[in-house]
Amino acid sequence: MQWNCPSEPQGESVHQQVLQWFRESARDLPWRGGCSPWGILVSEIMLQQTPVVRVRPVWEEWMARWPDPAAFAAAPQAEVLRAWGRLGYPRRALRLHAAAGVIVEKHDGAVPDTFEELLALPGIGTYTAAAVAAFAFGRRETVVDTNIRRVFARLVIGQALPAPSLTAAEMALAKELLPEDAAASVEWNAGVMELGALVCTARSPQCGICPVRRECAWIAAGQPEPSYVPKGQPWAGTDRQVRGAVMAVLRAAESPVHAELFWGPASELAALKEHLSHPGEVADALKSLHNLNVHAPQLQRSLASLVADGLAQLSDGGYHLPH
DNA sequence: GAAGCGTGGTA
DNA sequence: TTACCAAGCTT
């Protein structure tokens, strides 16, 4: 594969074409260009499995309220979870909170600048550690996210989709393609990621406007279909759905929500009475939960798992967000 | 290594 | 409308 050789001629390279496209087409996102390492870390956590359009407003509020790790670490967990809102996967919020605590205790309040130190923080895995080291500190790291995996699968391998899970071969390929120069590597990582997010998308890729369509192995192969069917995540009837509905109730409530309100034959009557003393949001959230028609064992299990995860606490017969 | 974990926009 | 999918991590 001559074009991806690190010693390829500069002018015509895939690298140059992606970098040029990135400079012209990159979105103007608030966590790009002069953002603090803390802001970049927060954005990376929020962006895990969550689209940019939903992250942006929450990130803006977040940074205005907690401009540094120390300010955030001092916030009560309940406020953290409320500020997280409906971003989803609320365990991320608690792990970020715990990470901020470690940053204050062990790193003097400054986001660490190495891959290894970042990887040791709760909620930070290989992707996020590499991304923060690269985008916040300009380090040369092998950043591999779902966008980059998909771009390389098409551009280099000629397949419609990457393997179901990250392979060692993919990491090796990404390492090979990474520019030697640190600054160039950072831009390359961001550029390939952006290309995957805007052009080489999962559903309907915009191959007509792709800067590297002429070098694309997938197009050259006639855009073959995926070799496997991605297995979707079940949702209806799952504990996840129930947990989400319960968390919506707890976020809206400013006082403990009586256990009776969650299940039991009297639940609907109790919820009705609660209308009088609870704000409308709590009543609406309870109504949504009741509309799921969850049987007691599953509701019990979901509540217990939320408590086990530290997302909820039970005291005085009522469930509430953790203090 | 597979399964579990939220949420809402889009095709 | 029903699935798929989004800058993954943890157990």
Side-chain angles (χ1 to χ4, degrees), chain A residues 26-27 29-32 35 39-59 81 84-96 98-99 118-136 141-151 160-168 174 186 189-198 200-206 226 228-251 285 288-289 292 301-302 305-306 308-312:
Chain A
R27 290 166 293 182
L29 301 174
W31 45 84
R32 283 182 179 158
C35 180
I40 290 172
L41 171 57
V42 172
S43 79
E44 291 297 344
I45 300 296
M46 289 183 174
L47 287 164
Q48 291 169 0
Q49 303 285 282
T50 309
V52 166
V53 288
R54 280 173 40 213
V55 165
R56 187 196 282 243
V58 180
W59 184 91
L81 289 168
W84 193 257
R86 305 188 66 80
L87 278 185
Y89 292 148
R91 293 187 293 189
R92 289 182 294 170
L94 292 188
R95 287 175 181 151
L96 179 58
L118 288 161
L119 187 62
L121 297 174
I124 296 190
T126 55
Y127 161 74
T128 304
V132 173
F135 302 139
E141 302 285 348
T142 306
V143 178
V144 179
D145 78 322
T146 187
N147 290 304
I148 292 179
R149 295 186 65 215
R150 187 176 54 252
V151 170
L161 296 175
S165 59
L166 181 61
T167 66
V186 171
N189 282 326
V192 177
M193 211 180 300
E194 192 79 340
L195 187 65
L198 298 183
C200 194
T201 55
R203 221 80 72 90
S204 18
Q206 311 285 311
Y228 66 96
V229 180
K231 68 171 188 178
Q233 304 170 333
W235 173 248
T238 63
D239 286 6
R240 278 209 294 191
Q241 185 185 32
V242 178
R243 285 166 53 110
V246 170
M247 286 300 293
V249 173
L250 300 186
R251 281 195 306 268
S288 296
L289 175 61
L292 297 179
R301 183 173 68 244
S302 298
S305 73
L306 286 173
D309 288 344
L311 289 164

Side chain to side chain contact (heavy atoms under 4.5 Å, CB included) with Met46(A): of Val52(A), Leu87(A), Leu41(A), only one passes, and it is Leu87(A)
Using a 4.0 Å heavy-atom cut-off, does [X] contact any base of the nucleic acid, only the sugar-phosphate backbone, or nothing at all?
X	answer
Leu29(A)	base
Asp239(A)	sugar-phosphate
Trp31(A)	base
Arg203(A)	base
Ala131(A)	nothing
Thr238(A)	nothing
Arg150(A)	sugar-phosphate
Thr146(A)	sugar-phosphate
Leu87(A)	base

At their closest point, which heavy atom of Arg150(A) faces which heavy atom of Ala160(A), and how far apart are they?
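In terms of heavy atoms, the two residues are closest at CG-O, 4.4 Å.
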Could you pull out the closest heavy-atom pair between Gly39(A) and Trp31(A), with the gap in Å?
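Result for this residue pair: O-CB, 4.4 Å.
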So where does chain A start and stop touching DNA chain C, 5' to 3', when the test is distance under 4.0 Å to a non-hydrogen atom?
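The contact span of chain A on DNA chain C goes from dC4(C) to dT10(C).
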When you measure from the side chain of Gln241(A) to the backbone of Gly237(A), do you find a donor-acceptor pair of N or O atoms at a distance under 3.5 Å?
yes
Got [X] and [Y] here, is their nearest side-chain heavy-atom distance under 4.5 Å?
X	Y	answer
Leu195(A)	Ile148(A)	no
Leu94(A)	Leu81(A)	yes
Ser305(A)	Asp239(A)	no
Arg251(A)	Arg86(A)	yes
Phe135(A)	Val186(A)	yes

In residues 240-250 of chain A, which ones come under 4.0 Å of DNA chain B, going by heavy atoms?
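Here the set is Arg240(A), Arg243(A), Gly244(A).
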Going by atom types only, do Gln233(A) and Arg240(A) share a side-chain donor-acceptor pair under 3.5 Å?
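Per modelled atom types, Gln233(A) and Arg240(A) side chains form a pair under 3.5 Å.
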Along DNA chain C (nearest heavy atom to each residue), the more 5'-positioned of Tyr89(A) and Pro230(A)
Pro230(A)
For Ile124(A) and for Met193(A), locate the closest nucleotide of DNA chain C by heavy-atom distance; then report the residue assigned to the nucleotide nearer the 5' terminus.
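Going by which nucleotide is closer to the 5' end, it is Met193(A).
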Same-atom distance (P) from dA7(C) to dA3(B), integer angstrom
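Straight-line distance between the two P atoms is 23 Å.
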Roughly how far apart, to the nearest Å, are dA6(C) and dG6(B) at atom C1'?
12 Å
Rounded to the nearest Å, what distance is computed from the [atom1] atom of residue [X] to the [atom2] atom of nucleotide [N]?
X	N	atom1	atom2	value
Ile45(A)	dT7(B)	CD1	C1'	18 Å
Met46(A)	dG8(B)	CE	C1'	17 Å
Arg86(A)	dT7(B)	CZ	P	5 Å
Trp235(A)	dG4(B)	CH2	P	14 Å
Leu292(A)	dG6(B)	CG	P	14 Å

Taking for each residue the nucleotide of DNA chain B with the nearest heavy atom, is it Ser165(A) or Gln48(A) whose nucleotide lies nearer the 5' end?
Ser165(A)
Is the distance from OP1 or OP2 of dT7(B) to the nearest side-chain N or O of Arg251(A) less than 4.0 Å?
yes
